[in-house]
Structures are given as C-alpha cells and as structure tokens.
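Below: one structure, written as structure tokens.
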Amino acid sequence: MEFRAEVSPDIDERRSGRRECLQRATAGLDTVLEASRARGETPPPLERLLDRIVAPLYFRVVFSVPNTDEA
C-alpha cells in the first residue's frame, strides 16, 4: 500500500503512505534494537539503521534499480 501511495496524485495520500511505511520500518527495527539492548549490547541509533538499511531498499523499490552485483 505504501508504495502505491507514493505515485498517487493526492499529496496527502502520498504523505500518509510514507508515514505508514516509516512507522512499520521503525517498529521492526525497534524490536531488534530492544533485543540488542537486552543482551547488553550498544546498538546504533535508529536513524543510522534507517539511513543505511531502509533508505537504500526503499530507493531500489521506488525507482526499480536493478542489482548490478551479479556473481
């Protein structure tokens, strides 16, 4: 749903879709970060994970960027 909202002509629908996508990604990462803290680890900040994991994936999906690392 979130990616379909990205191409919607309605700006409010696009914002809502992006917000929902970010909330889902954040919830999943929060679970991982909490488990890390419970083990006594010091995980990276949520923003760093969003920038390094979620953003590149989102970019590839939205812009249909093919994988060029073919082995």
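If you're wondering where the values come from, they're calculated on a predicted model, not measured in any experiment.
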* Going through the checks in order, is the side-chain contact (heavy atoms from CB on, under 4.5 Å) test met by L50 and L22? -> CA-CA 9 Å; L50 290 170; L22 182 59; 4.0 Å; yes
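The minimum heavy-atom distance linking L46 with D30 is given by the pair CD2-OD1, 4.0 Å. When all heavy atoms are compared, the tightest approach of P56 to D51 is CD-O, 3.4 Å.
Taken to the nearest 0.5 Å, the CZ atom of R48 stands 13.5 Å off from the CG atom of L29. Atom CG of L49 and atom OG1 of T26 lie 10.0 Å apart (nearest 0.5 Å).
A salt bridge is defined here as a Lys NZ or Arg NE, NH1 or NH2 lying under 4.0 Å from an Asp or Glu carboxylate O, and E20 with R24 meets this definition.
Within a 6.0 Å sphere centred on CZ of R52, heavy atoms belonging to other residues, nucleotides or ligands number 12 at most.
Judged by distance alone, with hydrogens and angles left aside, the side-chain atoms of S36 form no donor-acceptor pair with the main-chain N or O of V32 at under 3.5 Å.
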